[in-house]
Amino acid sequence: MNFRHIQTLLQQPKTTTHLLQIHSFILKTALDHHEFIISNFILASSSISIDFARLFFDNSPVIPPLFAWNTIIKGYSKSPTPLESVRLHNQLQRTTDLKPDKFTYPFVLKSCGRCSMLATGGSVHSLILKTGFDSDRYINNTLMRMYAACGNVGFAGQVFDEMSQRDVVSWSSMIAGYVTCNYPLNALSVFLDMKQAKEKPNSVTLVSLLSVCSHLVNIKMGESIHAYILTNDIRLDVSLLTALIGMYATCGYIEKAMVIFNSMKERNLQSWTIMISGLAENGRGEEAISLFNEMEKVGLIPDAMSFSGILSACSHMGLVEKGREYFDRMVKCYKVKPTMEHYGCMVDMFGRAGMIEEAYDVLRNMPMEPNSIMLRSFMSAYKNHGISRSSFDENLMKLLLKIEPEVGANYILSATVSSVSGYWSDVDDMRVAMKGIGLKKVPGCSWVQVKGV
DNA sequence: ATAGGGTTAG
């Protein structure tokens, strides 16, 4: 049993037991101090699970070589706990003489982005500048993604502008950055610059661009991108087809979306989910529900996004019992933690069905502060169905006006609801409240209209 | 000696 032998073993298909066996060989031959062996063992075990690899990393008898640190940092960057790679990067700097290299930074940056740690990401950036790695294209591309993920697309743009050489990934990252930060028009203009620069977009670039069309609800642009894909022989992979479905569905071309979905030879969870949500949004709840059931039969595990789709279908269709069922199934069978969107669907669903008490229960018992969409939905339900109820919670109305004091429609809603709840004792009270926040004229609503409520 | 970046939706 020697070095070469272990190396060969590590290249074969690995299972946990297999790796444990190799590990005991390593101990027996005292090769556990050997840097190259440590590196390869950590690499092999990280392909099983990052936590598994971490055990060996932590118990290494010598300080692991930089390669092993990089492998672990990379593993955490795509794990559910990316913060751990930021921690390890700190530990690397504090406790060893090793210096991070061009394989360390991309993954630390990715983790900073995933954790929205703008300040930490910025300090990693200055470290990169200090150590001269700012000429590395990969690092610059991940810097851009980090800044965009942290919501600061301006910094991403600076990195992009200062890059000495850009490739298709740089351009795609810049476009995706603007999409993430909700600047679809800027994304479009970067695409135009990209064409000027004669850089050819690939299927990843086009996925982001189709999302631009969805954001702008611009079917003309969507169709021209579809045509561009076909004439330029861009590979129609699962992601690109899924993005096309999404674009057609958001633009209201649900039939076209269905045709693409049905033609797909291979589909992933996202393809199903986007089709289900598309059907739900286009008022075709029954089909959304049957597609959801079909998806489960195929053996795919629905995620938070899939449940948003199906719950919104139930809400639009007024299928209260089904909605309750799916919500329960989501939590109990699939262990998906409900997000704001899910609670929003439930409030909307109960509210539309006139079940004010149930909607109120959801609002009261959810673990986060409701957003304005939910509050408006609840208030409208109250307005439409709650006229005879006495259970109005004026705090919810106050909260809505606090979160969104600049939205005129909220005051109109408030005025209407006040006729039921007595929250605003008279219209003059509301006038004072509006003046207090400097709102003189309600957009889309004159004082006369408010008075007339 | 082993390794790296970009993609969607509510």
Side-chain angles (χ1 to χ4, degrees), chain A residues 3-4 7 10-11 34-44 46-47 65-75 77-78 101-110 113 133 136-146 148-149 156 160 163 166-177 179-180 187 201-215 234-235 237-247 249-250 257 268-278 280-281 303-313 315 339-345 348 371 373:
Chain A
F3 177 94
R4 187 177 293 277
Q7 206 186 319
L10 281 171
Q11 277 154 10
H34 197 289
E35 291 201 345
F36 189 72
I37 293 291
I38 297 173
S39 296
N40 271 304
F41 188 80
I42 298 282
L43 181 65
S46 78
S47 69
L66 185 61
F67 183 95
W69 286 84
N70 289 350
T71 305
I72 299 283
I73 289 173
K74 173 187 173 187
S77 76
K78 50 190 175 194
D101 67 3
K102 61 176 180 170
F103 294 106
T104 322
Y105 290 119
F107 303 112
V108 182
L109 290 170
K110 186 176 180 183
F133 283 107
D136 188 289
R137 206 170 59 232
Y138 286 79
I139 289 179
N140 280 317
N141 290 342
T142 37
L143 269 171
M144 289 166 54
R145 289 306 293 149
M146 181 276 291
F160 182 76
M163 278 175 79
R166 303 181 188 125
D167 59 11
V168 64
V169 177
S170 322
W171 288 97
S172 304
S173 301
M174 195 65 247
I175 292 172
V179 172
T180 316
N202 62 17
S203 69
V204 176
T205 326
L206 289 155
V207 169
S208 294
L209 274 168
L210 284 167
S211 151
V212 170
C213 307
S214 301
H215 279 268
I234 307 231
R235 209 166 57 85
D237 56 21
V238 180
S239 305
L240 192 48
L241 287 166
T242 303
L244 277 168
I245 294 173
M247 182 277 292
T250 13
N268 59 20
L269 181 63
Q270 282 77 7
S271 330
W272 286 87
T273 299
I274 211 156
M275 194 66 245
I276 291 165
S277 316
E281 273 164 40
D303 66 356
M305 217 71 89
S306 322
F307 278 105
S308 288
I310 196 67
L311 289 175
S312 99
S315 154
T339 65
M340 184 74 87
E341 280 69 32
H342 300 123
Y343 290 116
C345 285
D348 207 49
N371 64 14
I373 302 169

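All values below were derived from every heavy atom in this structure, side-chain atoms included, with hydrogens, water molecules and symmetry-related copies excluded. None of these values were measured; they are calculated from a predicted model. Naming: A, B, ... by sequence-line order, numbering from 1 per chain.
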Enquirer: Would you mind telling me which of B:dG6, B:dT7, B:dG10 lies closest to the side-chain atoms of A:Lys110?
Expert: B:dG6

Enquirer: Write down the distance between CE (A:Met340) and P (B:dG10), rounded to a whole number of angstrom.
Expert: 17 Å

Enquirer: Any base atoms under 4.0 Å from A:Ser239, or only sugar-phosphate, or nothing? Heavy atoms, all strands.
Expert: base

Enquirer: Among B:dG6, B:dT7, B:dG4, which nucleotide has an atom closest to any side-chain atom of A:Ser208?
Expert: B:dT7

Enquirer: B:dT7 C1' sits how many Å from A:Met144 CE, rounded?
Expert: 14 Å

Enquirer: Students often get this wrong, so: under 4.0 angstrom with heavy atoms, is A:Leu109 touching a base, only sugar-phosphate, or nothing?
Expert: nothing

Enquirer: Rounded to whole angstrom units, what separation is found between the CD atom of A:Gln11 and the C1' atom of B:dT2?
Expert: 9 Å

Enquirer: Out of B:dG4, B:dA9, B:dG6, which has the shortest distance to the side chain of A:Phe103?
Expert: B:dG4

Enquirer: To the nearest angstrom, how far is A:Glu281 atom CD from B:dG10 atom C1'?
Expert: 8 Å

Enquirer: Which residues pass the ring pair (Phe, Tyr, Trp, His ring centres under 6.0 Å) test with A:Tyr138, not counting sequence neighbours?
Expert: none

Enquirer: Do A:Ile310 and A:Phe307 come within less than 4.5 Å of each other through their side chains, counting heavy atoms only?
Expert: yes

Enquirer: Ignoring the backbone of A:Asn40, work out which of B:dT7, B:dT2, B:dG4 is nearest its side chain.
Expert: B:dT2

Enquirer: Using a cut-off of 4.0 Å on non-hydrogen atoms, how would the nucleic acid contact of A:Phe107 be classed: base, sugar-phosphate, or nothing?
Expert: sugar-phosphate

Enquirer: From C-beta outward on A:Ser173, which listed nucleotide comes closest to its side chain: B:dA1, B:dG6, B:dT7?
Expert: B:dG6

Enquirer: Base, sugar-phosphate, or nothing for A:Thr205, non-hydrogen atoms under 4.0 angstrom?
Expert: base

Enquirer: Let's test your reading of the model: under 3.5 Å, does the base of B:dG4 pair with the side chain of A:Asn70 as donor and acceptor?
Expert: no

Enquirer: Using a 4.0 Å heavy-atom cut-off, does A:Thr71 contact any base of the nucleic acid, only the sugar-phosphate backbone, or nothing at all?
Expert: nothing

Enquirer: Quick check for you: among B:dG10, B:dG6, B:dG4, whose closest atom lies nearest to any side-chain atom of A:Asp136?
Expert: B:dG4

Enquirer: Quick check on B:dT7: is either OP1 or OP2 less than 4.0 Å from any side-chain nitrogen or oxygen of A:Ser211?
Expert: no

Enquirer: Within less than 4.0 Å of OP1 or OP2 of B:dT7, is there a side-chain N or O belonging to A:Arg145?
Expert: yes

Enquirer: Any donor-acceptor pair under 3.5 Å between the side chain of A:Ser308 and the base of B:dG10?
Expert: yes

Enquirer: Select one nucleotide: of B:dA1, B:dG10, B:dA3, the one nearest the side-chain heavy atoms of A:His34.
Expert: B:dA1

Enquirer: A:Asn202 side chain to A:Thr205 main-chain N or O, any donor-acceptor pair under 3.5 Å?
Expert: yes

Enquirer: Between B:dT8, B:dG10, B:dT2, which one does the side chain of A:Thr250 approach most closely?
Expert: B:dG10

Enquirer: Look at all strands and tell whether A:Lys102 reaches a base, only sugar-phosphate, or nothing, counting heavy atoms closer than 4.0 Å.
Expert: base

Enquirer: Among B:dG4, B:dG10, B:dG6, which nucleotide sits nearest the side chain of A:Glu341?
Expert: B:dG10

Enquirer: Counting side-chain heavy atoms from CB outward, which of B:dT2, B:dA3, B:dA9 is closest to A:Phe36?
Expert: B:dT2

Enquirer: Quick one: does A:Arg145's side chain have a donor or acceptor within less than 3.5 Å of a partner on A:Lys110's backbone?
Expert: no

Enquirer: Rounded to the Å, how far apart are A:Asp167 CG and B:dG4 P?
Expert: 16 Å

Enquirer: Verify, without hydrogens or angle tests, whether A:Asn70 (side chain) and A:Ile73 (backbone) share a donor-acceptor contact under 3.5 angstrom.
Expert: no

Enquirer: Please state how far atom NZ in A:Lys74 lies from atom C1' in B:dT2, giving the value in whole angstrom units.
Expert: 11 Å

Enquirer: List the residues meeting salt bridge (Lys or Arg N to Asp or Glu O under 4.0 Å) with A:Asp237, not counting sequence neighbours, and say none if there are none.
Expert: A:Arg235

Enquirer: Determine the contact category for A:Ile274: base if any of its heavy atoms lies under 4.0 Å from a base atom, sugar-phosphate if only primed atoms, P, OP1 or OP2 are that close, otherwise nothing.
Expert: sugar-phosphate

Enquirer: Base, sugar-phosphate, or nothing for A:Asn140, non-hydrogen atoms under 4.0 angstrom?
Expert: nothing

Enquirer: Can you tell me if A:His342 uses its side chain to pair, donor with acceptor, with the backbone of A:Ala304 under 3.5 Å?
Expert: yes

